[in-house]
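Below: one structure, written as structure tokens.
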There are 2 protein chains.
Amino acid sequence: MDEQVPRDFETLRATILDRRESLPKRIAQIAAYALDNPDDIAFGTAASIAASAGVQPSTLIRFAQQLGFDGFTSLQQVFRERLRERNSSYDERLQALRAKAEGGAGHRAIFDGFIAAASTSLNDISRTLDDAHLEEAISLLAKAQTIYVLAKRRSYPVASYIAYALGKLKIRNQLIESAAGLNAEMVGFATPADAVIAISFSPYAPATIEEARAISEQGVPIVAITDSSFSPLAQFARVWFEVAEADFAGFRSLSATMALAMALTVGVGEKRRDVGRKRKA
Amino acid sequence: MDEQVPRDFETLRATILDRRESLPKRIAQIAAYALDNPDDIAFGTAASIAASAGVQPSTLIRFAQQLGFDGFTSLQQVFRERLRERNSSYDERLQALRAKAEGGAGHRAIFDGFIAAASTSLNDISRTLDDAHLEEAISLLAKAQTIYVLAKRRSYPVASYIAYALGKLKIRNQLIESAAGLNAEMVGFATPADAVIAISFSPYAPATIEEARAISEQGVPIVAITDSSFSPLAQFARVWFEVAEADFAGFRSLSATMALAMALTVGVGEKRRDVGRKRKA
DNA sequence: GGGAATATGAAATAATAATTCCAATCCATA
DNA sequence: TATGGATTGGAATTATTATTTCATATTCCC
């Protein structure tokens with residue numbers, strides 16, 4: 001007999017979605033509005049919400065009653081609860097992690113610190129990355145005969161992952177490693193029909209800078225990932241990305257750089273497939 | 001003349017903190033309550049808030065007026081705005097990113113996909129990582145004379161970063177690379193006084209597994225980072241971590257593995273410093 | 001197509017909540 | 001310790017808001 005009144009937002013959402021088909025027109029209208037604008041329901045008055053949704057206040061109340069609430073007010077509680085529980089906003093959670101990392105003892109604190117640094121970096125790059133630069137870089141790299149990947153020291157792991165991914169995508173590439181000490185020769189093979197992905201952060205590895213200079217003088221276009229407009233890499237680059245990685249315990253995160261690197265790599269893969277398809281057509 | 005009315009929560013907060021000293025007792029009381037329980041201010045009624053804070057409703061209104069608002073209602077707006085603007089919860093943001101990545105076209109979508117995958121992975125590992133395992137692994141590695149780092153293919157970037165970080169921390173380590181084809185010999189040098197960090201995910205690189213088996217038969221303890229308890233690495237390992245990395249476009253994130261790797265590395269560095277200190281004392 | 005059941009709109013009403021006002025109290029200063 | 005000004009408590013008042021009611025419209029089924 002007693003129909004279950006949804007006590008939390010998710011249940012409520014599910015209930016609404018479930019009954020969607022069987023609801024009268026106006027009730028359905030307010031139901032859709034509620035799911036689309038939950039914040040409005042949480043804060044608005046019955047009248048204001050009704051007006052925004054294009055129905056009468058009484059409809060709003062009927063909607064609430066149909067869900068088993070005894071009125072709009074108790075329905076609204078659920079929407080308000082949602083905002084309260086959402087309490088641990090991303091930033092607050094991060095702050096907590098960071099606090100634990102700084103104050104806390106033990107190795108868990110170190111781990112939390114790296115998680116926080118990585119999250120912060122991802123967050124930052126997600127906000128700041130310029131779509132146009134991304135498109136430009138991908139176009140440039142997609143046209144290259146061979147993609148050279150240039151990075152040392154701290155950035156080297158990123159370079160090796162790029163090389164791995166490019167290989168899996170069957171895109172010709174050359175990782176410029178120092179093992180054999182033949183970098184200068186390797187670099188010498190690059191032509192303007194190729195392209196370079198160069199990665200370096202302060203303190204810039206001198207070898208990376210020197211090789212980037214040399215290769216840009218040969219007219220090979222460079223896509224750079226670096227950390228500021230003052231970076232020596234930026235001046236050699238056709239396109240460059242500024243990536244600010246957060247650090248912890250003296251080690252910077254690589255997560256943002258990795259994500260960007262992957263986007264470039266897979267982006268090039270997709271672009272080539274598209275171009276290939278067009279050529280055939 | 002017209003005193004600036006705080007329009008956003010941060011300004012309001014600053015204003016309150018600024019005037020704190022000069023506020024009358026009851027007003028100060030409600031001010032403190034407001035900063036401590038902003039959600040209550042956002043949702044409560046003047047009467048309920050006043051009761052919780054132990055003052056009269058009229059005091060609440062005087063408080064609002066002193067800040068330049070024309071009443072409680074407009075003060076409350078600021079607290080409500082805060083909840084609205086507070087970036088949608090982490091999960092919702094992620095969902096949005098993922099939706100964009102899946103639905104959206106263009107290369108930005110790819111980028112968003114990788115960001116979402118990385119965030120998810122970080123989130124997961126932060127929840128699931130076992131502190132005891134972490135302590136155990138760090139103890140084990142801290143005692144090692146040489147730390148061998150073993151990983152191929154997709155996991156190799158992590159290994160190279162570990163090697164870089166260990167080097168910077170002046171911890172003796174050996175990256176087992178395949179370049180010279182001398183892995184078997186390299187592995188042969190390891191003794192039970194050393195230790196190994198091995199990283200491999202499905203599909204497990206046969207070389208990694210084979211080398212891990214060989215080295216464990218020599219009695220060298222292994223710390224493994226892998227993706228499930230069925231992993232062949234897990235059976236050779238003294239301590240192992242299960243890391244579930246989210247993937248996008250066929251490429252798994254490395255962010256969680258990286259964070260764990262860094263925590264291990266820096267943890268070992270700290271542990272050695274501590275032990276060194278104790279020995280001296 | 002007719003009629004009952006259901007849904008909707010609009011305004012009246014009831015409830016609730018914000019604000020104001022005034023008397024009482026507190027506090028600093030002479 | 002008296003006095004003026006500021007502060008506070010509490011009830012009265014006003015405003016706002018939710019809810020109910022009822023007339024009208026729509027839909028669905030026979």
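Chain letters run A, B, ... following the sequence lines, proteins first and then strands; every chain starts at 1.
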Integer-rounded Å distance: C:dA7 P and A:Leu60 CG:
17 Å
For the side chain of B:Ile27, counting heavy atoms from C-beta on, which of D:dT8, D:dT19, C:dT8 is nearest?
D:dT8
Once you round it to whole Å, what is the distance between P of D:dG9 and CD of B:Gln29?
8 Å
Between CD1 of A:Ile30 and P of C:dA7 the distance, given in whole Å, is 16 Å
Quick check on DNA chain D: between B:Pro57 and B:Ser22, whose nearest nucleotide comes earlier from the 5' end?
B:Ser22
What closest approach, in Å, do B:Ala42 and B:Leu83 show between heavy atoms, and which atom pair accounts for it?
CB-CD1, 3.9 Å
For A:Arg272 and A:Ala142, indicate whether the former's side chain and the latter's backbone hold a donor-acceptor pair under 3.5 Å.
yes
Which heavy atom of B:Ser52 sits nearest a heavy atom of B:Tyr33, and at what distance?
CB-OH, 3.2 Å
Below the 4.0 Å mark, does D:dG10 have OP1 or OP2 next to a side-chain nitrogen or oxygen of B:Gln56?
yes
Once you round it to whole Å, what is the distance between P of C:dA7 and CZ of A:Phe63?
14 Å
Quick one: B:Leu23 CG to D:dA6 P, roughly how many Å, whole number?
16 Å
Round to a whole Å and report the spacing from CD of A:Gln76 to C1' of D:dA18.
10 Å
Please list, by residue number, the residues of residues 46-54 of chain A whose heavy atoms come closer than 4.0 Å to an atom of DNA chain D; answer none if no residue qualifies.
A:Ala46, A:Ala47
Report the nucleotide, chosen from D:dG9, D:dT19, C:dT8, that has the shortest atom-to-atom distance to any side-chain atom of B:Thr59.
D:dG9
Which word best sums up how the rings of B:Phe43 and A:Phe43 line up, parallel for under 30°, tilted for 30 to 60°, or perpendicular for over 60°?
parallel
Determine, stepwise, if the pair A:Tyr161 / A:Thr265 fulfils side-chain contact (heavy atoms from CB on, under 4.5 Å).
CA-CA 10 Å; A:Tyr161 199 33; A:Thr265 307; over 6 Å; no
With a 4.0 Å cut-off on N to O distance, would you call B:Asp39 and A:Arg80 a salt bridge?
no
Check the distance between C:dC21's P and B:Gln65's CD and give it to me in whole angstrom.
11 Å
Heavy-atom pair with the smallest gap, counting every atom of B:Thr15 and B:Thr11
OG1-O, 2.7 Å
Looking at every heavy atom in both B:Arg82 and B:Pro38, which two are closest together, and how far apart are they?
NH1-CB, 3.4 Å
Given protein heavy atoms under 4.0 Å, the one-letter contact record of nucleotides 21-30 of chain D, with B base, S sugar-phosphate only and - none, is simply B---------
Can you name the residues that form a side-chain hydrogen bond (donor to acceptor under 3.5 Å, both in side chains) with A:Asp70, not counting sequence neighbours?
A:Ser74
What is the distance, rounded to the nearest whole Å, between atom CD of A:Gln77 and atom P of D:dA18?
12 Å
Can you tell me if A:Thr45 touches the phosphate of D:dT16, counting only side-chain N or O atoms and a distance under 4.0 Å to OP1 or OP2?
no
